[in-house]
Amino acid sequence: MTASMQSSVGNPAAEKRGMNLTLRIWRQKDPSVKGKMVTYKVTDISPDMSFLEMLDVLNEQLIMQGDDPVAFDHDCREGICGMCGLMINGQAHGPQQTTTCQLHMRSFKDGDSIDIEPWRATAFPVIKDLAVDRRAFDRIIQAGGYISVPTGTAPEAHATPVPKADSDAAFDAATCIGCGACVAACPNASSMLFTAAKVTHLGLLPQGQPERDDRVVNMVAQQDREGFGGCTNIGECSAACPKGISMETISRLNHDLLGALRAGARPKS
Amino acid sequence: MPLDLFSVGDPIADTKAPMDVPIGERWSERRFRGRLVNPANRRKLTVIVVGTGLAGGAAAATLGEAGYKVKSFWYQDSPRRAHSVAAQGGINAAKNYRNDGDSVHRLFYDTVKGGDFRARENNVHRLAEVSVNIIDQCVAQGVPFAREYGGLLDNRSFGGTQVSRTFYARGQTGQQLLYGAYQALERQIAAGSVEQNARTEMLDLIIVDGRARGIVARDLVSGEISTHFADAVVIASGGYSNVFYLSTNAKGSNTTAIWRAHKRGAYFANPCYTQIHPTCIPVKGDYQSKLTLMSESLRNDGRVWVPKERGDDRPANDIPEDERDYYLERLYPSFGNLVPRDIASRQAKNVCDEGRGVGPGGLGVYLDFAEAIQRLGRPAVEAKYGNLFDMYAQITGEDPYVTPMRIFPAVHYTMGGLWVDYDLQSTIPGMFVIGEANFSDHGANRLGASALMQGLADGYFVLPSTISSYLADGPFEKVDESHPAAVEAMQGVQEEVQKLLSINGTRTPASFHREVGQLMWDYCGMERTDEGLRKAIDRIQEIRKEFWTNLKVTGDWHSFNQTLEHAGRVADFIELAELMCIDALHRRESCGGHFRAESQTPEGEALRDDENFAYVAAWEWTPEGQPPVLHKEDLVYEYVHLAQRSYK
Amino acid sequence: MTVTHAGRRTPKVAKTNSVVKKAVMAVSGIVMVLYLIAHMVGNLKVFTGRESFNSYSEWIRTIGAPALPPQTALTIIRIALIVAVVAHFWAAVSLWRQAKRARPQGYVTKKAVAQSYASRTMRWGGVIVLLFIVYHILDLTTGTVNPDGDSSPYDRLVASFSNPFITAFYVISLLLLGMHLRHGIWSATQTLGQSNRRRERTVNAFALVFSVVLTAGFLIVPFSVLFGLVD
Ligand SMILES: Cc1cc2nc3c(=O)[nH]c(=O)nc-3n(C[C@H](O)[C@H](O)[C@H](O)COP(=O)(O)OP(=O)(O)OC[C@H]3O[C@@H](n4cnc5c(N)ncnc54)[C@H](O)[C@@H]3O)c2cc1C
Ligand code: HEM
Ligand code: HEM
Ligand code: SF4
Ligand code: F3S
Ligand code: FES
């Protein structure tokens, strides 16, 4: 065999397989009908498979039987686009603190039974099965999650040094991938961690200062308007967040918001 | 050449770059000569932008800001998920912050050379000029690039260059750059200047009186197929590496937008130029659905090796130093582990072919950080590469701090794409192509950290300037869905969708995709031969037939149907695969990512044939049964000296 | 609520910003906590005997006399407390309802990862504490439900805590209150934007120690009565 073989087909020795699992999956044809949990069996699953590859196996089976495959969102499959997101055994993105696509079947045992549900929140209506509509997040960004700098108007990049500590902390917050696990995990279905991550990212940088007050006021008003719950500092969000966005960001948002309101900033209606 | 596989048509050439001034003045001269649209008129002009990656997102935001009416389309739920988000390593810019001898000219030179002298000089020079503005723009948007303790921006070096000009944001540069563009785009959406069409896939281009005037798109949620009109269409739909099924691209990355535009008359340039990235996580099993890149930056500190003896299956740490072959350092003493990607990939393949590969199936080489950990200390290595190491551990279940990583090449980027002139306009008037979707600025091989640069250059700076020359003639005559061209395009799409659903055969879209991908990897991957490519072409034709007679897609088209989406994309990949093989077959030289076994130096390096192949191959689509037509754009090098590339 | 694919949803929107509600809750909570500190210390006077305790009760009612009319200070405290309780309760209920609206359909399976028992019982715990306060006032302030209705505060207190059922109710309520504060103090710091990674541990430790001391300070009294240390 030459190195031009792309996969290890023909080299079964390299593959461990053999897990059999029972899946209970939320099936809902579209938002207008009621959904329910349906049980499926998958066999001969490899512990090296990702969770989504395991669902691929199920879906290939379903298509061949002429059944409707399970709809779920995914794209990059490397933990960065934020498109995937399933409630697995009651935990957002499953038992590891990572994205669903980076969860591997070695986190489960042969014979396990796994419950799979979509994110549940009024602001994230189900599209079909496990896929939900998360555009509410984009509208929160639209409300102020940016720095207004028209193309071509930027000053020389080195004109403003940024302390490394601020830049690093801003970066930590900026790694939020908008997956929605925070909302899914929060008992209040609050989008606070998502919003706080952006408020923190931009609020820590000198470039973000001019719009800092308006940004936080408008973004928070928008998340309420979208129908997310309010945050009561429970902390499930941060524990589920695949990017480890910290609770500190929420404190920062609160701080900025109360300061902004005191300074007279009011949301645009 | 086998005339049965293609025919040769008239040569083509770019006519937009002002060749009467020196290369350093051409871009400003072009902007000066180009026509402008007065701000009051911009509101009357509509531009469709397909794609929200770095290229499309930046373009839509900038055009919206400038006052045009923009309609933006993407297939994911949010623009923030375009696959640019996955880029890890960094973005080049000729800032010379390191004072290490960098300059616009050097970036220009490195990029042309890195592209193995198959890129257009004018475009590359412009790219290097604009690169500095990109960094300014992104920093102002709040992109948290890595900084040094003094608060200034940090740089690192990347494969194929000897200066440190790469700006980065840990291992998530693409993500942070994309969020900058995404936020700018959302700001315009809020301002009402950009209309958003999430989860909407372009399925055809509408041409009226010879001009691109709109698209047919399917709302992936409701399934509704509809037409959208504009005065110009910009396509920024990314690369087509997924033709190989396994690649580092996102699952949804597709060729559909550009392929269907190609079928409407846009020439497809250099389709066979693909980049195989040397540092990816090796394949595990046949269920594998995608490959994951480990940033090239790892080669700054990691050392690549395999055992000296074939079949040495001791664990890596048990193999003594003198029984290891650090083959890149041995073969290329001056660049060592930092040789360009094409070279690093091919050498990995060579050592594996010799039977010295490691890991399952012998398809892997070590990327070892033991020395770096010793030299810099684990915390420093963690700070630099922590997230990559975590990702590796997550996927493989192995700890790269303890045992060396195993890596293997994987398809990563496509240098080919729709042909565009200096204005980034395709051969269809009014259709512009930007980002990875065009054949762009990278020739036969792309240097690391230069795709992000190109995407943002195109999106923020180049397209918004050049498109005004075209739009200055508008607004064009109003068209709506009742126009015969729109009706025809719409019906075509509906028929195809119906057809896909009605075959009701026995194979899933994924199974066809996997088959065609494997075939492409075997015969049109890292090494290509005349014989192999012919075999592949024959087989692809059979697969295509089988696809249209034995496909199985469940469900209907007027609802959320991911199998149907996939089927449509696979249909296009199969057609593209054939053109890629034809292109690879006709280019009997080796260059960059295109290695023809028949054309190598005695040392086994790629041997270019400048006399016969110093051209861009732009392919014209022809209806089924007729071979595609090749149009050549001669590449003239005024500033860069054509030479055999050497990284010894 | 209507959801259209292309259009925007138009949910019933809470008028007051959710973060502001939380701030109201934090501030009113802190007011109540301050009262509780004083109240706990006052209660300990029970160990100094009947006279002393009763005169303390008397003293509260006559602070500032004769310059101020009787009960001025007490009235101010009462008004502050009523405002605090009402505001706190309003904010809690309103956020609770917002949360219900935010997820009308729950999960079939849901696992809590980071929630402590304390944070999970904030709402029902709070309601029970409220019921407790109502009962408590009827019991010890007005004497309406006290086994020894008309006597002095000291006797009412002893009378109540001599009944194991009443004592049990007090103990349960106090434990719930302790937990409420355990989470509440940390939560208020977060809500008012004063916590960060460096402070988190300190704040948490303080919240724990504070709520334990406060709860213990309150608990001593009923137990002392029950075990006959005070009679
Ligand atoms: C894993 C990885 C790492 C990389 N690392 C680097 C790096 O370090 N440095 C570097 O310079 N380059 C890197 N690259 C390359 C670089 O990221 C890409 O070339 C570049 O981001 C492409 O940007 P784009 O805007 O052209 O396309 P994309 O970002 O792919 O965006 C495509 C857009 O088009 C939309 N779209 C696609 N098809 C359709 C359709 N039919 N209808 C409607 N919308 C459609 C999508 O929704 C999306 O919005 C990397 C690439 C990968 C895959
Ligand atoms: C009237 C009945 C009460 C109810 C329904 C109630 C409910 C709540 C709820 C739901 C919270 C928010 C939970 C959270 O932040 O996680 C809260 C917070 C709090 N409560 Fe109460 N509570 C009540 C009484 C009290 C009392 C009597 C005190 C003090 C003595 C108190 C002190 C606090 C404090 C300090 C907080 C933290 C505020 C914050 O989170 O910002 N509460 N309460
Ligand atoms: C075991 C613990 C407690 C004891 C022994 C105790 C004792 C008393 C007594 C004796 C009074 C009457 C004082 C008087 O009328 O002069 C009183 C009043 C009161 N107590 Fe407590 N108390 C206890 C716990 C609590 C708790 C936990 C709360 C609140 C959560 C509380 C809130 C009040 C209030 C609001 C009043 C009425 C004050 C007023 O307006 O007169 N008490 N308490
Ligand atoms: S904060 Fe974390 S969980 Fe929430 S959207 Fe961002 S990455 Fe996902
Ligand atoms: S879990 Fe929910 S309550 Fe707040 S701290 Fe997180 S958003
Ligand atoms: S699919 Fe992109 S994060 Fe999981």
For A/Glu60 and B/Lys552, run salt bridge (charged side-chain N to carboxylate O under 4.0 Å, His left out): C-alpha distance rounded to whole Å, both residues' side-chain angles, the deciding distance at 0.1 Å, then the answer. CA-CA 10 Å; A/Glu60 290 282 287; B/Lys552 184 169 183 97; over 6 Å; no
Decide yes or no on side-chain contact (heavy atoms from CB on, under 4.5 Å) for B/Asp77 and A/Phe137, but give the supporting numbers first. CA-CA 10 Å; B/Asp77 62 346; A/Phe137 271 3; over 6 Å; no
Interface moiety of B/Gln562 toward chain A, non-hydrogen atoms closer than 4.5 Å: side chain
Shortest non-hydrogen contact between A/Ala157 and B/Lys95, atoms and distance: N-NZ, 4.3 Å
Cut-off 4.5 Å, heavy atoms of chain B, and the answer for A/Thr153 is backbone
Main-chain N/O of B/Leu153 paired with A/His158 side-chain donor or acceptor, under 3.5 Å: yes
Part of B/Thr396 within contact of chain A (heavy atom distance under 4.5 Å): backbone
Below 4.5 Å, heavy-atom pairs only: which of A/Ile141, A/Leu202, A/Leu205 has the largest tally toward chain B? A/Ile141
For B/Phe145, which atoms come within 4.5 Å of any heavy atom of chain A: side chain, backbone, both, or neither? backbone
Considering only heavy atoms, which portion of A/Thr160 lies under 4.5 Å from any heavy atom of chain B: side chain, backbone, both, or neither? backbone
One thing to verify: whether A/Asp138 and B/Arg81 come together as a salt bridge, which I'm taking to mean a side-chain N less than 4.0 angstrom from a carboxylate O. no
Between B/Arg187, B/Glu65, B/Gln141, which is the residue that forms a side-chain hydrogen bond (donor to acceptor under 3.5 Å, both in side chains) with A/Ser148? B/Arg187
Heavy-atom cut-off 4.5 Å, strictly under: side chain, backbone, both or neither for A/Thr98 against chain B? side chain
Residue A/Ile177 versus chain B: region with a heavy atom under 4.5 Å: both
Does a donor on one side chain and an acceptor on the other come within less than 3.5 Å for B/Thr292 and A/Glu78? no
Checking A/Gln142 side chain against B/Ile189 main chain: does a donor-acceptor pair fall under 3.5 Å? no
Would you confirm whether A/His201, through its side chain, and B/Pro144, through its main-chain N or O, come within 3.5 Å as a donor-acceptor pair? no
Keeping the roles fixed (side chain from A/Gln102, backbone from B/Gln394), state whether a donor-acceptor pair exists under 3.5 Å. no
Taking only Lys NZ, Arg NE, NH1 and NH2, and the carboxylate oxygens of Asp or Glu, determine whether B/Lys290 and A/Glu53 approach each other closer than 4.0 Å. no
Using heavy-atom distances under 4.5 Å, tell me whether A/Asp129 contacts chain B through its side chain, its backbone, both, or neither. neither
Are side-chain N/O atoms of A/Arg134 and B/Ser78 paired as donor and acceptor at under 3.5 Å? no
Please determine, by modelled atom types, if B/Tyr75 and A/Asp75 share a side-chain donor-acceptor pair under 3.5 angstrom. yes
Please look at A/Ala131 and chain B and tell me whether the side chain, the backbone, both or neither of the residue comes under 4.5 angstrom of a heavy atom of that chain. side chain
Under 3.5 Å: donor-acceptor pair, side chain of B/Gln183, backbone of A/Ile147: no
CA sep, side-chain torsions, deciding dist, call: B/Asp154, A/Lys164, salt bridge (charged side-chain N to carboxylate O under 4.0 Å, His left out): CA-CA 10 Å; B/Asp154 192 16; A/Lys164 185 167 164 50; over 6 Å; no
